[in-house]
Amino acid sequence: MSDARDEQMMQALRQRPTIKPGLLIGVGVVVALVVAVAVVAVSAGGGKANRHFSALSRCLIGEPVKEGENVFLRLREVELAEQLRPSAEGEGWPARCAPHASELYRSLDGSGKEALLARLLRSELSCGDDETAPCQFPTEGHPFGKADEVWEAARIAGVAIVDVPDVAAPAHRLAPALRRDLPALASAKHYLADSGVTPSGQAWLVYGARRGSELPMRLCRVTERGKSAECSDVKGPAASGELTLLDLSEPPAVVGNFPGEDGDERGAVSLLDGARIKLRAGMRKGHVLEPRGKELFLVEIDGGAAVAQAKLELDPTTQATMVAGQFGYLHEQDGERKLSWRRIGAGAVLEGEPVTLAGTIPARVDVCEATPTSGVAHGLQGEERVVWFVDGGAWSPPVKGRVPRVRTNEWGPDCRPARYLRHWVERDEGGFQVGRLDCSPKGCKSDAVAFTEKRIKRFLAVTSFDDRVAVVYETHAGGLRSRVAPLGSLDAQPPALIMDSFEFSGEKLENPRVTVAPDHVILTFDNEKHQLAIVVSADAHGAVTPK
């Protein structure tokens, strides 16, 4: 389906005439849809029009619509599912339904209560009065833009649904999990300032107030695998400028600009009560390196104050990092770059002899911590990722794996106990490749599979839930989708439709942000009225609902 066709469908939605409130559907499409569908009466005999209309209905949408259900959106669900079917010989949907429309049109006398139905079929499907002018579904735009009006006209004409088991119904529908009435976590006068996932797997969303709104900051703790959120306004001074989570430990706190005696000053406040939090070097608890002239010190901080320090016999410009209670630093030895580690003891003193890691050391080494006692060191050496694991003070030999670096979007690193993950999407001539680098102390495995769905707009997130890969993406054809499956069967897994963009045509979902937890993904959006959040997990997806 072309972009021009998409726009025609949007116009069809926008231009539908408004009807009295008693006929409006409950799903709340932005435009007023002429809904109908009181055609649920079952007739035993009923005449030719009954059978032909029933055949057309079954061929297009399957089971009869229920009272209050919208025909247009049901057709949309079938259309989205049909777009995923491989091309096959013979006449596909909806063209195979056209003969039923022709028979229905010719069974009408075109006068009285049947006049409106006949006129709609003629204008929508170009139906003629003889076999040389059969009804035809358009090849551009929505296949049946005024389906709601046709079903309502059938009701007015007294046409009833009868059983037509010999007519083939659509095999599948792609129904959105979410409708327009999404619960809001914050107002449109807020913005998502920062987010993060705690070691326990709870996600924190911090909302700041837009300039001039004079609203308090807002904290949402997303619980129950993303299904609900405990949200509260933050007491205390209003923040200005950039807001970032201080760390992911209790109490939740943010760093920002807050009012002081001499104007706004950089600082941190608790998100529980707005109280000021004392910091040193941007930290309230842990270890930090402080260069002082030509000397380098390791400083232990607790409660935002220095409680111990030790001078290091290293140049202040030394590249150094810390993970799992250990201090690592890059240095030259025998003309080669080396990476050595020492345990951090009481009083910020480095204990024991240095442990120098084997293998070629990248020019830059980063760390990501999986637990307080285990973690990962990693770097890029040429085309390969080099990874070491530490657990209980012991370091593994290096393992290596490759991630494509041309025409590639990359997500990661994602560090878990004894596991290092990176995911990517690579564009190729046939569409896309979705890949994963999966490393453990035993080695790395790098795999990629074809992702052949057409008309991808953008990929928002790629991650793993245990051994299943989760892909969240937008399409030009039908809004926000996801697939969750083992990597090898990802392309064969039917997508789940999270929300259909046509149903949200009047609300702009902007500035998507992604927060990845071990067993779910949270997507947050701005819109014209609210701050919204959606969760995608291994088993389901839906809106994040505030308690």
Side-chain angles (χ1 to χ4, degrees), residues 77 80-81 84 174-185 192 195-198 200-205 220-229 231 409-412 414 416 421-425 432 434-436 449 451 453 456-487 489-501 503-504 507 509-527 530-546:
E77 294 171 7
L80 292 175
L84 297 170
L174 192 58
L178 301 176
R179 299 295 187 182
R180 285 186 61 249
D181 295 329
L182 294 178
L185 299 186
L192 182 66
S195 66
V197 179
T198 68
S200 66
Q202 188 180 88
W204 292 348
L205 307 177
C220 290
R221 298 173 183 249
V222 184
T223 60
E224 298 176 18
R225 296 186 68 182
K227 295 180 181 179
S228 64
C231 297
N409 291 332
E410 189 174 341
W411 288 264
D414 181 357
R416 306 175 189 184
L421 296 167
R422 297 191 88 98
H423 301 83
W424 74 86
V425 173
F432 299 93
V434 175
R436 176 175 66 184
V449 297
F451 196 88
E453 185 170 343
I456 302 294
K457 182 178 180 180
R458 59 178 166 174
F459 291 87
L460 296 179
V462 184
T463 188
S464 286
F465 301 145
D466 294 324
D467 290 329
R468 287 183 284 179
V469 173
V471 180
V472 183
Y473 56 103
E474 288 182 292
T475 72
H476 292 287
L480 189 64
R481 302 185 185 188
S482 69
R483 296 191 192 214
V484 181
L487 182 61
S489 56
L490 188 65
D491 197 44
Q493 174 72 22
L497 179 59
I498 301 173
M499 59 172 58
D500 183 1
S501 57
E503 199 167 335
F504 286 76
E507 294 189 20
L509 299 177
E510 298 178 333
N511 303 321
R513 293 273 297 272
V514 180
T515 303
V516 178
D519 56 6
H520 62 274
V521 171
I522 297 172
L523 298 103
T524 57
F525 296 90
D526 296 349
N527 83 344
H530 309 293
Q531 296 289 329
L532 311 172
I534 295 166
V535 62
V536 177
S537 70
D539 304 315
H541 45 250
V544 178
T545 304

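Nothing here was measured: the structure is a model prediction, and the numbers come from that model. Starting from 1, each residue takes its place in the sequence as its number.
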Between S228 and T545, is there a side-chain donor-acceptor contact under 3.5 Å, judged purely by atom types and distance?
no
Under 4.0 Å between a Lys/Arg side-chain N and an Asp/Glu carboxylate O for R416 and D414?
yes
Can you tell me if CG on D539 sees more than 12 non-hydrogen neighbours from other groups inside 6.0 Å?
yes
Contact between W411 and T463 at the side-chain level, heavy atoms closer than 4.5 Å - yes or no?
no
Just so I know, are the side chains of V536 and H520 near enough to count as touching, which here means a heavy-atom distance under 4.5 Å?
no
Between A184 and P546 the two heavy atoms that sit nearest each other are O-CG, 3.4 Å
Just to verify, which of F451, W424, Y473, F459 counts as forming a ring pair (Phe, Tyr, Trp, His ring centres under 6.0 Å) with F432?
F459
Kindly give the heavy-atom pair with the smallest separation between V535 and G226, and that separation in Å.
CG1-O, 3.4 Å
Could you walk me through whether L421 and R436 satisfy the side chain to side chain contact (heavy atoms under 4.5 Å, CB included) test, starting with their C-alpha distance in whole Å, then the side-chain angles of each, then the deciding distance to 0.1 Å, before giving a yes or no?
CA-CA 7 Å; L421 296 167; R436 176 175 66 184; 4.0 Å; yes
Evaluate V516 against V197 for side chain to side chain contact (heavy atoms under 4.5 Å, CB included), listing each step before the verdict.
CA-CA 7 Å; V516 178; V197 179; over 6 Å; no
Roughly how far, to the nearest 0.5 Å, is the CG atom of L178 from the CG atom of L480?
8.5 Å
When you look at L487 and V449, which way does the side chain to side chain contact (heavy atoms under 4.5 Å, CB included) test go after all the steps?
CA-CA 7 Å; L487 182 61; V449 297; 3.8 Å; yes
Ignoring hydrogens and angles, tell me if any N or O in the side chain of R513 forms a donor-acceptor pair with the backbone of L192 under 3.5 Å.
yes
Once you round to the nearest 0.5 Å, how far does NE2 of H476 lie from CZ of R458?
10.0 Å
For residues E453 and T475, report the shortest heavy-atom separation together with the two atoms involved.
OE2-CG2, 3.7 Å
Heavy-atom nearest pair, P512 first then L460, reads CG-CD2, 4.2 Å
The reported gap from CE in M499 to CG in L532 (rounded to nearest 0.5 angstrom) is 7.0 Å
Closest heavy-atom contact between R483 and L84?
NH2-CD2, 4.4 Å
Nearest-0.5 Å distance, CZ of residue R481 to CD1 of residue I456:
7.5 Å
Could you measure the distance from the SG atom of C220 to the CG atom of L185? Nearest 0.5 Å is fine.
4.5 Å
Go through V521 and F465 one step at a time and tell me if the side chain to side chain contact (heavy atoms under 4.5 Å, CB included) criterion holds.
CA-CA 10 Å; V521 171; F465 301 145; 4.0 Å; yes
Show the nearest heavy-atom pair for residues T515 and S195, with the distance to one decimal.
OG1-OG, 2.7 Å
Rounded at 0.5 Å granularity, tell me how far NE2 in H541 sits from CG in L497.
7.5 Å
